[in-house]
Novice: 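The structure is given below, and queries will be raised subsequently.
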Number of protein chains: 2
Amino acid sequence: MVTLEDVARQAGVSLATASRVLNGSTRQVGAALRARVERAADELGYRANMAAQTLARGASNVIGIVVHDLTDPYFAALADGAMRAAAGEGLLVMVGTTHRDPEQEIAYVATLNAQRVRAVLLAGSRVDDPEVTARLRHELERYRASGGRVACVGQDLLGVDTVAPANYEGGAALARSLAGLGHTRFAVLAGPPNLMTARDRCAGFAAALEELGLPEPRILHGPFDRDGGYAAARQSRDATCVFAVNDVMAVGALAAYREQGVRVPDDVSVAGFDDIVTLRDHVPALTTVRLPLTDMGALALELALGAGERAVVERVAGEVVLRESVRRL
Amino acid sequence: MVTLEDVARQAGVSLATASRVLNGSTRQVGAALRARVERAADELGYRANMAAQTLARGASNVIGIVVHDLTDPYFAALADGAMRAAAGEGLLVMVGTTHRDPEQEIAYVATLNAQRVRAVLLAGSRVDDPEVTARLRHELERYRASGGRVACVGQDLLGVDTVAPANYEGGAALARSLAGLGHTRFAVLAGPPNLMTARDRCAGFAAALEELGLPEPRILHGPFDRDGGYAAARQSRDATCVFAVNDVMAVGALAAYREQGVRVPDDVSVAGFDDIVTLRDHVPALTTVRLPLTDMGALALELALGAGERAVVERVAGEVVLRESVRRL
DNA sequence: ACCTCCCCGGAAAGCGGTTTCCCAGTCTGC
DNA sequence: GCAGACTGGGAAACCGCTTTCCGGGGAGGT
């Protein structure tokens, strides 16, 4: 393994000079020596040892991002946005997947702390469990105490920079749009009762309906994924319009209806939330609330890296997108 | 920032003892001291500095994985598999996305080398450009010379452990299945002419047709993504059956046909390759060649970490899955 | 000419761990 | 009762790089 010392020796200069030439510094180095060092480095195939650099500089050029599941296009889009932003800043990205296990999330924060990453991005809503949240918060504090920056998207952690999708407002806007098409009997495939994101979307939806004087929607709980939507859809029978609190669930619901011979949108209208790009060719095209996921990921990184006197909460609005999965009554 | 020295001082022991207690060692430490150290570490909130550890140990617990695009479910699945396997080994993962830029790929290898990651996984086929390939290979050699391990999946790099999907055979098997349904006039949405994966799938397909004495398929080149499939599909008019060399392209093709009022499978049959999970609810359900992507990702990690005397090529068979997007003629 | 200032090069002190080596004390076996 | 093996503890030498500090020499000012 070639070290800086090897390069310095080969070039006949000191370690300091070699370091200044190869790894940047405020100090100048004369053209002659500079050339000698560069040639030596090239000949030897020198690559700086980042571990040593990180140690010496006291700061790494790595950020961490923690998501539930990379194969979920929602998180993939978020991660992609954050990674593009990171690449723009010359940062490397360590990705951790928790598979929705809060313990894993805490463990990752600890690990990323140990790695002394510059920032940690936490993506994805979490379960509303005070004990677990407290432990996560404690771990984050520990990390921040040692100079780490944190931001989260779609989380619900006080005191942390946050990119907050307007879940409640999005749900409400969607409800108004659907009511505007003449729907009155609604069901909500509401996901897990204690998942904040799901709860907010559902609550906004219900509140808007109430405001319009419409009957309460039927709330059907279940998992937050495709199969959860699939299962919940089977119990939605009397509704003319079904709101799945995310697109992936909506796709599950569509599959369930298809199997049952229930036509969408003729027999029932279906709407989702997120506007997942991978699903844009789904048939029927899904009505949903568009979230700029890639931008949100990038924004989260910005927030984390930003000055950040006190915790900033950046609200991101969703936009209702009406497509063929709903019809006018 | 709490260091090991702080812990040692607080516990009233030497650095060596503290290290042995907290960060593992072959040596034993007496129960009394051990307890003191652990308590001190806990009170102080000590987290080992991985940069220092990596430097001292000369080996990191990080692997790198380089993909083209995380939002492409193909790569997401591969990455997910690799990350699960990595988590099982207690390894962290740095992910890099190249967005199909070979220069980026080379740059990432260099960066990951600098990070002294334990292994690098290269995912995704590359363009057949000798000059660029040579440079990548050179960078990989440099990395391996310093003890790094490399594996790739779906690549075409000699001398590197490889997880190789049976693209040619899969294409051929698919052709035989489709021919068995009575199709004779084929088109192939073949992707870029110099992309190895695309070429192999296409070649296998064409070869099988020739073997069966069927007319040559019409080869339509274009980008390897959804829009490439969409565009190419518009030129496939006389075929009764269209093979898109990956699922994402097939979805693009389906979208194009839908817009044109061409019914699938009544007017034209469509098949893809990969069997992307996110698309399983697509309508019509896509006939394809299933690849066990998650397992392939995990396998790649195993190969990279494995003993690896000489380069192993692990062939992974695809399985034809007939679904409603094709019909019997 | 003389002094100051600036510029560039090198020596060396860290950064936070791991691990080798040495040492004192305790167990064994005879 | 004593040599020899073993045990657990600590001092200190690294790991590879950054950066402070110091010094020598040339340029510029008076």
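Here is the naming used below: chain letters follow the sequence lines, and residue numbers restart at 1 for every chain.
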Novice: Distance check: side-chain N/O of S14(A) vs OP1/OP2 of dG10(C), anything under 4.0 Å?
Specialist: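 Yes, because at least one side-chain N or O of S14(A) sits under 4.0 Å from OP1 or OP2 of dG10(C).
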Novice: Give the rounded distance in Å between these two atoms: CG of L4(A) and P of dG14(C).
Specialist: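 Rounded to whole Å, this separation is 20 Å.
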Novice: Atom CZ of R27(A) to atom P of dG10(C): distance rounded to whole Å?
Specialist: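 Computing the R27(A):CZ to dG10(C):P distance gives 11 Å.
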Novice: Round to the nearest Å and state the distance from N23(B) atom CG to dT18(C) atom P.
Specialist: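 My rounded result for the distance is 4 Å.
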Novice: Can you see if the side chain of T17(A) gets near the phosphate of dG10(C) - specifically, an N or O under 4.0 Å from OP1 or OP2?
Specialist: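 Yes.
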Novice: Tell me if a side-chain donor or acceptor on S19(A) pairs with a main-chain N or O of L15(A) at a distance below 3.5 Å.
Specialist: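 Answer holds: no.
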Novice: Mind listing the closest non-hydrogen atom pair of G12(A) and R36(A) along with its distance?
Specialist: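 Taking G12(A) first and R36(A) second, the nearest heavy atoms are O-NH2, 3.6 Å.
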Novice: How long is the straight-line distance from CG of L121(A) back to CG of L112(A), given to the nearest 0.5 Å?
Specialist: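 Answer for the CG-CG pair, L112(A) versus L121(A), is 10.5 Å.
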Novice: Picking from T97(A), T111(A), V95(A), L122(A), what satisfies side chain to side chain contact (heavy atoms under 4.5 Å, CB included) with V66(A)?
Specialist: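 Of the listed options, the one satisfying the test is L122(A).
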Novice: Under the criterion salt bridge (Lys or Arg N to Asp or Glu O under 4.0 Å), I'd like the reasoning laid out for R47(B) against E139(A): C-alpha separation, chi angles, the key distance, then a yes or no.
Specialist: CA-CA 11 Å; R47(B) 290 268 171 261; E139(A) 200 57 55; 2.9 Å; yes
Novice: Which residues in residues 28-41 of chain B have at least one heavy atom lying under 4.0 Å from any atom of DNA chain D?
Specialist: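 Close to the strand are Q28(B), V29(B), G30(B), L33(B).
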Novice: Using atom CG of L15(B) as one end and atom P of dC14(D) as the other, report the distance to the nearest whole Å.
Specialist: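 Taking atom P of dC14(D) as the reference, CG of L15(B) is at 16 Å.
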Novice: Looking only at atom types and distance, does a side-chain atom of D6(A) sit under 3.5 Å from a main-chain N or O of T3(A), one as donor and one as acceptor?
Specialist: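 Answer holds: yes.
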Novice: For L22(B) and dT19(C), give me the distance from atom CG to atom C1', rounded to whole Å.
Specialist: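 It is 16 Å, rounded to the nearest whole Å.
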Novice: With T98(B) as reference, evaluate E105(B), H68(B), Q104(B) under the side-chain hydrogen bond (donor to acceptor under 3.5 Å, both in side chains) test and give the passing residue.
Specialist: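 Running side-chain hydrogen bond (donor to acceptor under 3.5 Å, both in side chains) over E105(B), H68(B), Q104(B) with T98(B) returns exactly one hit, H68(B).
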Novice: Going by heavy atoms in the side chains, are I63(A) and V120(A) under 4.5 Å from each other?
Specialist: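 A side-chain contact under 4.5 Å is absent here.
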Novice: Closer than 3.5 angstrom, by distance alone: can the side chain of Y143(A) be matched with the main-chain N or O of V117(A) as a donor-acceptor pair?
Specialist: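 Yes; at least one donor-acceptor contact below 3.5 Å.
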Novice: By nearest atom, which of the nucleotides dG16(C), dG10(D), dG10(C) is closest to the V13(A) side chain?
Specialist: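 Per side-chain heavy atoms of V13(A), the pick is dG10(C).
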Novice: Check DNA chain C against residues 42-63 of chain A and give the residues with a non-hydrogen atom under 4.0 Å, in numerical order.
Specialist: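 Result for residues 42-63 of chain A: L55(A), A56(A), sorted by number.
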Novice: Just by distance, do the side chain of S60(B) and the backbone of R116(B) share a donor-acceptor pair under 3.5 Å?
Specialist: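 Confirmed, S60(B) side chain pairs with R116(B) backbone.
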Novice: Taking D69(A) for its side chain and H99(A) for its backbone only, find out whether a donor-acceptor pair lies under 3.5 Å.
Specialist: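 Pair absent, no side-chain N/O of D69(A) close to backbone of H99(A).
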Novice: Can you tell me whether the side chain of R20(B) and the base of dG10(D) have a donor-acceptor pair closer than 3.5 Å?
Specialist: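 For R20(B), whose side chain was compared with the base of dG10(D), there is a donor-acceptor pair (under 3.5 Å).
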Novice: When you measure from the side chain of T162(A) to the backbone of V160(A), do you find a donor-acceptor pair of N or O atoms at a distance under 3.5 Å?
Specialist: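 Flag set: sc T162(A) to bb V160(A) pair under 3.5 Å.
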Novice: Atom CG of D6(B) and atom C1' of dG16(C): how far apart are they, to the nearest Å?
Specialist: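 It works out to 10 Å between those atoms.
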Novice: Tell me: CZ of R9(B) to C1' of dG10(D), nearest whole Å?
Specialist: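 Whole-Å distance recorded here is 16 Å.
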Novice: Rounded to the nearest angstrom, tell me the gap between atom CG in N113(B) and atom P in dG16(D).
Specialist: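 Spelled out: CG on N113(B) to P on dG16(D) is 14 Å.
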Novice: If the helix axis at each end comes from five base pairs, how far does the helix from dA1(C)-dT30(D) to dC30(C)-dG1(D) deviate from straight, to 10°?
Specialist: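 Between the axes fitted at each end of the helix from dA1(C)-dT30(D) to dC30(C)-dG1(D) lies an angle of 30°.
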